[in-house]
Amino acid sequence: MRYFILASLVCAALAAVAACGPPLGLPGAFITNKVDSAVSLYALTGTPVSQPSGYSIGAGQVVRTEQGMPFDFAFDIDTAGRAVLLPTGALKLGRQSGLQSSAVDFDSIKIAPTGGYNLDSAQVVGVDSVVILHSSGVTCSFNLPAFYYAKLRVVAIDTSSTSGNGRRIVFDILNDHNCGYRGLEPGLPKH
């Protein structure tokens, strides 16, 4: 009985800092993480504006950047002919979204880090590059400021301007659509 009372008191005290429930006081995750394969983005420069160049992590979809749709990163090819991913800060749209290169294999990344994101400059990527991303800041339905997190693996890059489908990047991406959660494994996130 004494153990039960002590455990209850400890849990009640810790509940104030959300240690006995979901992390950071988040409600239980209810959206299953899954990998979307063969997602394509087209370069901001040198491709028709009708092609999507941006990606919204929270919505989990490609967007056309010229239509004013919110997006978290875009794809382009720099003046040296290298494929680059651009967070919003690199496009002079405010230091909102972030990305970071990872040396860890795509399938081995279980949780997104809380810091170390590039907010201001282009990230050069190649085939098999792995990148961890966070969205622009959002206010979740439970009034906590947070981000959506994702990881992507570059599958193919075509920098040619002569190909009908040229100047594009193809990647696999896993988005965690549970606002504020950082879990990057398939299934219901734990964090």
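Here the structure is a predicted model, which means the values were calculated and not measured.
- Annotation for Gln123 and Ser101: closest pair NE2-CB, 3.7 Å, computed over non-hydrogen atoms.
- How far OG1 of Thr47 is from CZ of Arg167: 7.0 Å, rounded to the nearest 0.5 Å.
- What you find for Ile57 and Ser135 is that their closest heavy atoms are CD1-N, 3.7 Å.
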| request: For side-chain contact (heavy atoms from CB on, under 4.5 Å), just list the numbers for Leu133 and Ser97, CA-CA rounded to whole Å, side-chain angles, deciding distance to a tenth of an Å, and then say yes or no. | output: CA-CA 8 Å; Leu133 311 109; Ser97 62; over 6 Å; no

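- Taken together through direct or relayed side-chain contacts under 4.5 Å among Ile, Leu, Val, Met, Phe, Trp and Tyr, Val104 and Tyr149 form part of one hydrophobic cluster.
- With hydrophobic clusters built from ILVMFWY side chains whose heavy atoms lie under 4.5 angstrom apart, Leu86 does not share a cluster with Ile157.
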| Worked verdict on Val131 versus Arg153 for side-chain contact (heavy atoms from CB on, under 4.5 Å) | CA-CA 7 Å; Val131 180; Arg153 171 182 45 226; over 6 Å; no

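- From Glu66, atom CD reaches atom CD of Gln51 across 10.5 Å, with rounding to the nearest 0.5 Å.
- Tracing side-chain contacts under 4.5 Å through hydrophobic residues (I, L, V, M, F, W, Y), one reaches Phe147 starting from Leu119; they form part of the same cluster.
- Put simply, the side chain of Pro87 reaches to within 4.5 Å of the side chain of Leu99, judged on heavy atoms.
- Shown here for Ile109 and Ser102, the closest heavy-atom pair between the two residues is CD1-OG, 3.7 Å.
- Taking the centre of each ring, Tyr117 and His134 come in below the 6.0 Å mark.
- Side-chain contact between Tyr55 and Asp72 is absent, with no heavy atoms from C-beta onward closer than 4.5 Å.
- Side-chain contact between Arg168 and Ser40 is present, with at least one heavy-atom pair separated by less than 4.5 Å.
- Both Phe71 and Met69 are part of a single hydrophobic cluster, where members link through side-chain heavy atoms under 4.5 Å apart.
- With hydrogens and angles disregarded, no donor-acceptor distance shorter than 3.5 Å links the side chain of His177 to the backbone of Gly60.
- Side-chain atoms of Thr45 and Asp76 form a donor-acceptor pair, as typed in the model, at a separation below 3.5 Å.
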| request: In sequence, state the C-alpha distance, the side-chain angles, and the governing distance for Asp120 and Arg95, and then conclude on salt bridge (Lys or Arg N to Asp or Glu O under 4.0 Å). | output: CA-CA 6 Å; Asp120 296 316; Arg95 300 178 81 223; 2.7 Å; yes

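- Expressed to the nearest 0.5 Å, how far CG of Asp172 lies from NZ of Lys151 amounts to 10.5 Å.
- We find the OG-CZ distance between Ser50 and Arg64 to be 6.0 Å, quoted to the nearest 0.5 Å.
- Of the inter-residue distances, the one linking Asp36 atom CG with Gln61 atom CD reads 11.0 Å to the nearest 0.5 angstrom.
- Using the six-membered ring where Trp is involved, Phe171 and Phe73 have ring planes that are tilted, between 30° and 60° apart.
- Hydrophobic clustering, with ILVMFWY side chains joined whenever heavy atoms are under 4.5 angstrom apart, groups Val35 together with Leu184.
- For the pair Val155/Asp128, no side-chain contact is recorded, criterion being any heavy-atom separation below 4.5 Å from C-beta on.
- The minimum heavy-atom distance linking Ala74 with Leu44 is given by the pair CB-CD1, 3.9 Å.
- Side-chain contact between Tyr148 and Val138: present, with at least one pair of heavy atoms (C-beta onward) separated by less than 4.5 Å.
- Within the 4.5 Å cutoff, the side chain of Asp105 has no heavy atoms near those of the Val130 side chain.
- Across Pro113 and Gln100, no two heavy atoms sit closer than the pair CG-NE2, 3.4 Å.
- Here Asn178 contributes atom CG and Asn33 contributes atom CG; the two are 6.5 Å apart, rounded to the nearest 0.5 Å.
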| task | Go through Val84 and Val125 one step at a time and tell me if the side-chain contact (heavy atoms from CB on, under 4.5 Å) criterion holds. | result | CA-CA 6 Å; Val84 294; Val125 294; over 6 Å; no

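- Residues Phe75 and Ala83 share a closest heavy-atom pair of CE1-CB, 3.7 Å.
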